[in-house]
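Some notes on the structure that comes next.
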There are 2 protein chains.
Amino acid sequence: MRRTKSQSEETRQRILDAAEVVFIEIGVSKASLDRIAAEAGVTRGAIYWHFANKQELLTAIFARVYDLHVAVLARSFEDAVDPLQVVLDWALNVIELFGTDEHTRMVYKIIVTRCEYLSEMQEAFTLQRSMHDTMVENFRRAFERAEQAGLLAEGWTAATASTTLHCFMSGLLDNWLRYDFNADVAKNLRAALLCLVAGFRRNVAVPVPSEREARSQLA
Amino acid sequence: MRRTKSQSEETRQRILDAAEVVFIEIGVSKASLDRIAAEAGVTRGAIYWHFANKQELLTAIFARVYDLHVAVLARSFEDAVDPLQVVLDWALNVIELFGTDEHTRMVYKIIVTRCEYLSEMQEAFTLQRSMHDTMVENFRRAFERAEQAGLLAEGWTAATASTTLHCFMSGLLDNWLRYDFNADVAKNLRAALLCLVAGFRRNVAVPVPSEREARSQLA
DNA sequence: TCCTTTACATACATCGATGAATGTATATAT
DNA sequence: ATATATACATTCATCGATGTATGTAAAGGA
């Protein structure tokens, strides 16, 4: 029995949901389209109707969260007065994105721990690359502005501060997704981030902002 | 023609080398034993003689660097006077391990980017787990000692400092292996680490130690 | 109303990889 | 010197997964 257009879109979404689940469960390489179809309550025929192959299915999973993803990454970066505050806000935004959206978490968990990072997958990894590249570029620009404005604490340069925060964020996400952090750990991570960024700032007495303050400045 | 014992061991090592190369090249899941055998200049028969299957071959690759790995991780941690210096030294040791030993780099690159991190692989991931767990535990203990000794700078707690450094190191290694850092980047990473750890210390004027100083204290 | 297209399900052919079975020449123990 | 275990190479059977081809019932346009 043929479905209506909206039913078809439902089927497509169910397939994507099922693929996420199965990929997480047994990894991308071992996940057969048959297994994914069973999880979605359809047959392989349905999958081949909506997607050319497993590769395209994987790409589609990533594409589904891409817009939300880009929206967070692209938040204003140039016009703000205090570059260190901007950097902090941006990092908090990323953490909040991962804390809020389960699809984002599942997709990144798949990228980080459930598939192999090969050049042939280039297209599928656009999501991860854009995230990484945006992070590196944003941090570099902001910390250079901070350095020129004399905002950086003794010892730090734009390069070292940028590298430090970038590695911190990468490791944070990697650990989060690899070991399934709970809410407590996430809270601790935010606290650590606040300390870290505060430490970049010159002449701070006890400047660690409370989380409420930090979040109010996001609004 | 049957080989002598030492020849046999040579063959085994050649298979392990070949497996590393092929795993890096096309990923663990797509790597067939046939391809690995060809790379090693033997047939699948030789591989099945030395290893039960691909899984065991993977485990053997990891086991080959395990001793070196453990030796670095286990370096003295309790008896040193300055816990922050201990933490720095330990982190520098890890960086040096990865900078020096190519097998370690390849093995970790395989773990991070060329295979799927599933529970069934538990045994194979002992290496990575021990590294991670040791890191977390060592950092936690050292920073707690530092906190009790009043060594931590304003704003930092043992928990946040430990988390920060742990995430930094995870992200550092992840980026290193994922994007094949060159020597320049590695130098920048060491500089960033020195700044970061210096920032953990209370009442520092401009205490960022030169790299030479830091390394001399390792000896 | 009829025709075409859609949205799948079903059936089929193929292929690569695995693992086991077997073959074989030689090192090594006795 | 002979026997046996070793260190592979070769062959074979099997199996799961893929992709395609075909079937089909209903949706939607004319």
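Just so you know, these numbers come straight off a predicted model, no measurement behind them. Order of the sequence lines sets the chain letters (A, B, ...), proteins ahead of strands, with each chain counted from 1.
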To the nearest angstrom, how far is [X] atom [atom1] from [N] atom [atom2]?
X: D34(B); N: dC15(C); atom1: CG; atom2: C1'; answer: 14 Å
X: I15(A); N: dA7(C); atom1: CD1; atom2: C1'; answer: 10 Å
X: R12(A); N: dA7(C); atom1: CZ; atom2: C1'; answer: 14 Å
X: K30(A); N: dA17(C); atom1: NZ; atom2: P; answer: 16 Å
X: L33(A); N: dA9(C); atom1: CG; atom2: C1'; answer: 15 Å
X: R35(B); N: dG16(C); atom1: CZ; atom2: P; answer: 14 Å
X: E56(B); N: dG19(C); atom1: CD; atom2: P; answer: 11 Å
X: Q13(B); N: dA7(D); atom1: CD; atom2: C1'; answer: 16 Å

>> Please report whether the ring centroid of W156(B) lies less than 6.0 Å from that of F143(B).
In response: no
> For residues 44-55 of chain A, which residues have at least one heavy atom under 4.0 Å from DNA chain C?
Replying inline: G45(A), A46(A), W49(A), H50(A)
> Considering the terminal five base pairs at each end of the helix from dT4(C)-dA27(D) to dT30(C)-dA1(D), what angle separates the two local helix axes, rounded to 10°?
Replying inline: 0°
>> Would H132(B) and R178(A) count as a side-chain contact (heavy atoms from CB on, under 4.5 Å) here? Give the steps.
In response: CA-CA 11 Å; H132(B) 179 264; R178(A) 195 177 291 273; over 6 Å; no
Rounded to the nearest 0.5 Å, how far apart are [atom1] of [X] and [atom2] of [Y]?
X: D180(B); Y: K109(B); atom1: CG; atom2: NZ; result: 3.5 Å
X: F168(A); Y: T164(A); atom1: CZ; atom2: OG1; result: 11.0 Å
X: I111(A); Y: M131(A); atom1: CD1; atom2: CE; result: 9.5 Å
X: T11(A); Y: W49(A); atom1: OG1; atom2: CH2; result: 12.0 Å

>> Could you report the tightest heavy-atom contact between I15(A) and A40(A), atom names first, then the distance?
In response: CA-CB, 4.0 Å
> Which heavy-atom pair separates Y179(A) from Q128(B) by the least distance, and what is that distance?
Replying inline: OH-NE2, 3.1 Å
> Any ion pair linking R3(B) and E10(B) (charged N to carboxylate O, less than 4.0 Å)?
Replying inline: no
> Between R140(A) and E144(A), is the closest basic N to carboxylate O distance under 4.0 Å?
Replying inline: yes
> OP1 or OP2 of dA7(D) sitting under 4.0 Å from any side-chain N/O of T11(B)?
Replying inline: no
>> Check this one for me: any side-chain N or O of S8(A) less than 4.0 Å away from OP1 or OP2 of dT6(C)?
In response: no
Can you give me the N/O atom pairs linking the protein to nucleotides 27-30 of chain C at distances under 3.5 Å, or say none if there are none?
residue : atom : partner : partner atom : Å
dA27(C) : N3   : R2(B)   : NH1          : 2.6
dT28(C) : OP1  : T4(B)   : OG1          : 3.2

> Going through the checks in order, is the side-chain contact (heavy atoms from CB on, under 4.5 Å) test met by F23(A) and I36(A)?
Replying inline: CA-CA 9 Å; F23(A) 286 159; I36(A) 294 172; 3.8 Å; yes
